[in-house]
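Model, not experiment: these values are computed from the prediction.
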2 protein chains.
Amino acid sequence: MPTPPRTSLPEIVAAGRSILEADGLGGLTMQRVAEEVGVRSPSLYKRVRSRGDLIGLIADSVADDLAATMDAAASDDDPEDDLRAIANAFRAFALAHPNGYALVFARLPEDARIDPERNARAAATLLRTAGRLAGPDDALAAARTVTAWAHGFVTMELAGAFRLGGDVDRAFAYGVDHLAGALESSGAPAPHVKAGRSQGHSEAR
Amino acid sequence: MPTPPRTSLPEIVAAGRSILEADGLGGLTMQRVAEEVGVRSPSLYKRVRSRGDLIGLIADSVADDLAATMDAAASDDDPEDDLRAIANAFRAFALAHPNGYALVFARLPEDARIDPERNARAAATLLRTAGRLAGPDDALAAARTVTAWAHGFVTMELAGAFRLGGDVDRAFAYGVDHLAGALESSGAPAPHVKAGRSQGHSEAR
DNA sequence: ACCTGAACACCGTTCAAGT
DNA sequence: ACCTGAACACCGTTCAAGT
């Protein structure tokens with residue numbers, strides 16, 4: 001005799017994500033999730049293969065939001081401004097959702113990885129901006145340089161690894177500015193060189 | 001009646017580190033460690049406050065090795081060559097010890113963090129090289145930019161996040177070259193400008 | 001002083017039994 | 001078709017009891 005479902009996969013993922021954000025990966029237990037969606041933990045296995053599977057689904061969900069945030073930050077006007085805006089949005093997202101963010105770049109088991117199309121879509125905005133700065137041939141390498149830097153920076157910031165004093169905000173701005181200058185100078189078509197670049201590295205022409 | 005110790009803290013840390021490297025953080029159980037050093041798991045708590053504490057000690061140990069590796073890579077000759085050498089050594093270490101490396105930059109609880117002096121010592125080599133490239137005022141921001149980039153890059157590489165094709169080795173080389181160029185151009189004393197810089201970004205002057 | 005077995009609270013996961 | 005209690009194997013950690 002059929003029984004009506006008492007929860008759903010989206011609800012489970014959403015509950016898992018909010019628990020993760022609140023209490024970290026260690027606090028994300030199947031029992032907490034079950035309690036949150038009003039069910040007993042064995043029932044979760046009707047919609048989810050394992051805790052690892054659930055973690056992968058949460059990572060997908062966060063990755064989508066991060067991609068949307070970066071997308072919204074780009075205006076497709078001046079590429080250097082866009083790079084700065086994307087980087088700032090990226091950092092703000094990571095600082096606002098540290099535990100979810102960590103999952104997006106975590107070393108997950110093969111089957112829990114973010115799927116390829118989602119990955120490509122998430123990379124698209126930055127890839128386009130990087131291509132406009134560094135030229136089509138270097139677009140991928142340039143995008144990887146920027147992503148690596150931004151990810152490394154916020155990861156270290158979240159880990160509390162910047163403990164030598166100094167202004168962390170300034171170090172971030174320093175990084176974007178110098179990366180933008182370095183990538184742009186690397187032989188792209190460089191269609192419109194604006195008169196007043198932002199600051200500090202005008203010698204990099 | 002006193003009993004002679006059957007193990008020691010260094011032995012425990014070393015065992016934990018080799019288990020971590022072989023089986024990941026999930027495989028690092030107190031029972032596995034105890035078995036490895038020939039004792040029962042409750043005995044470990046004589047030398048270690050908790051599993052988290054042990055993880056912190058392992059992180060310290062790996063951080064020391066990483067710092068030594070970077071130190072050995074620098075020759076204090078041409079700073080750009082040094083930057084490249086340090087970055088390559090950093091990446092090689094991370095790829096060779098992925099699980100231990102992850103711990104060094106992990107978001108550990110406050111009390112398990114790598115201690116400040118160790119942190120400063122680990123940063124010293126790169127800070128010096130960055131200072132020779134970017135000038136004393138920008139040394140810290142420049143070192144942070146390079147460290148963030150290198151850490152982000154290898155983390156993404158280890159996570160399998162580079163899935164858009166392309167040559168990952170080339171992307172790494174591209175990153176060092178452009179970072180070196182960008183930092184150097186940022187207004188340092190720049191004592192000896194070599195005639196033949198490496199490649200590709202000679203327009204960045 | 002160090003080590004141990006037993007115990008506790010807590011996991012993820014399975015499964016037979018219920019509706 | 002979905003949900004549940006009970007059970008299993010496995011954690012980290014504590015502690016009284018042994019030497």
Side-chain angles (χ1 to χ4, degrees), chain A residues 1-59 99 102-103 106-113, chain B residues 1-59 99 102-103 106-113:
Chain A
M1 206 129 294
T3 302
R6 213 163 297 177
T7 181
S8 67
L9 184 57
E11 196 192 8
I12 289 171
V13 173
R17 191 173 157 181
S18 94
I19 293 168
L20 169 78
E21 219 45 89
D23 297 333
L25 198 53
L28 181 69
T29 70
M30 297 305 268
Q31 316 203 14
R32 278 279 284 124
V33 174
E35 183 182 16
E36 197 76 11
V37 303
V39 103
R40 299 291 189 168
S41 64
S43 297
L44 297 178
Y45 293 85
K46 280 279 144 175
R47 342 241 172 212
V48 145
R49 199 157 21 206
S50 66
R51 178 175 180 265
D53 186 32
L54 174 57
I55 290 174
L57 293 172
I58 296 174
N99 292 320
L103 229 51
R107 213 146 42 101
L108 298 173
E110 185 68 53
D111 63 328
R113 295 260 176 87
Chain B
M1 205 133 292
T3 303
R6 215 164 294 178
T7 181
S8 66
L9 184 57
E11 195 191 7
I12 290 172
V13 173
R17 191 173 158 180
S18 94
I19 293 170
L20 170 77
E21 219 45 90
D23 297 333
L25 197 54
L28 181 68
T29 68
M30 297 303 269
Q31 316 201 15
R32 277 279 283 124
V33 174
E35 184 182 16
E36 198 76 10
V37 302
V39 103
R40 299 291 188 167
S41 63
S43 297
L44 297 178
Y45 293 84
K46 280 279 144 175
R47 341 244 172 209
V48 143
R49 198 156 23 202
S50 67
R51 179 175 178 265
D53 185 34
L54 173 57
I55 290 175
L57 293 172
I58 296 175
N99 293 321
L103 229 51
R107 212 145 44 101
L108 298 173
E110 186 67 54
D111 62 328
R113 295 262 176 86

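Of the residues in residues 49-56 of chain A, A:S50, A:R51 come within less than 4.0 Å of DNA chain C through at least one heavy atom, sorted by number. In the region residues 27-45 of chain A, proximity to DNA chain D at under 4.0 angstrom, judged on heavy atoms, holds for A:V39, A:R40, A:P42, A:S43.
Checked against side-chain hydrogen bond (donor to acceptor under 3.5 Å, both in side chains), B:E21 has no partners two or more places apart in sequence or in another chain. Checked against side-chain hydrogen bond (donor to acceptor under 3.5 Å, both in side chains), A:T7 has the following partners two or more places apart in sequence or in another chain: A:E11.
Interatomic distance, CG of B:N99 versus CG of B:L20, reported as 5.0 Å (0.5 Å rounding). If you take CZ on A:R17 and CG on A:L54, they are separated by 12.5 Å, rounding to the nearest 0.5 Å. Taken to the nearest 0.5 Å, the CD1 atom of B:I12 stands 5.0 Å off from the CG atom of B:L44.
Where pairing requires Watson-Crick or G-U contacts shorter than 3.5 Å, the helical stems of DNA chain D with at least three consecutive pairs are C:4-8 with D:12-16, C:12-16 with D:4-8.
One can place CG of B:D23 at 16 Å from C1' of D:dC10, the figure rounded to the nearest angstrom. Distance, B:K46 NZ to D:dT14 P: 12 Å, rounded to whole Å.
Contact record, B:G27 with B:I19: O-CG2, 3.6 Å, taken as the closest heavy-atom pair. Contact between B:A112 and B:G52 at its shortest, heavy atoms only, is CB-O, 3.9 Å. Nearest heavy-atom pair, B:G16 versus B:I58, reported as atom, atom and distance to 0.1 Å: C-CD1, 3.6 Å.
Screening residues 28-52 of chain A for salt bridge (Lys or Arg N to Asp or Glu O under 4.0 Å), with sequence neighbours left out, gives A:D23-A:R32, A:R32-A:E36.
The residue B:T7 sits close only to the backbone: its heavy atoms come under 4.0 Å of sugar-phosphate atoms, none of a base.
Residues B:L103 and B:L25 are in side-chain contact: their nearest non-hydrogen atoms beyond the backbone lie under 4.5 Å apart.
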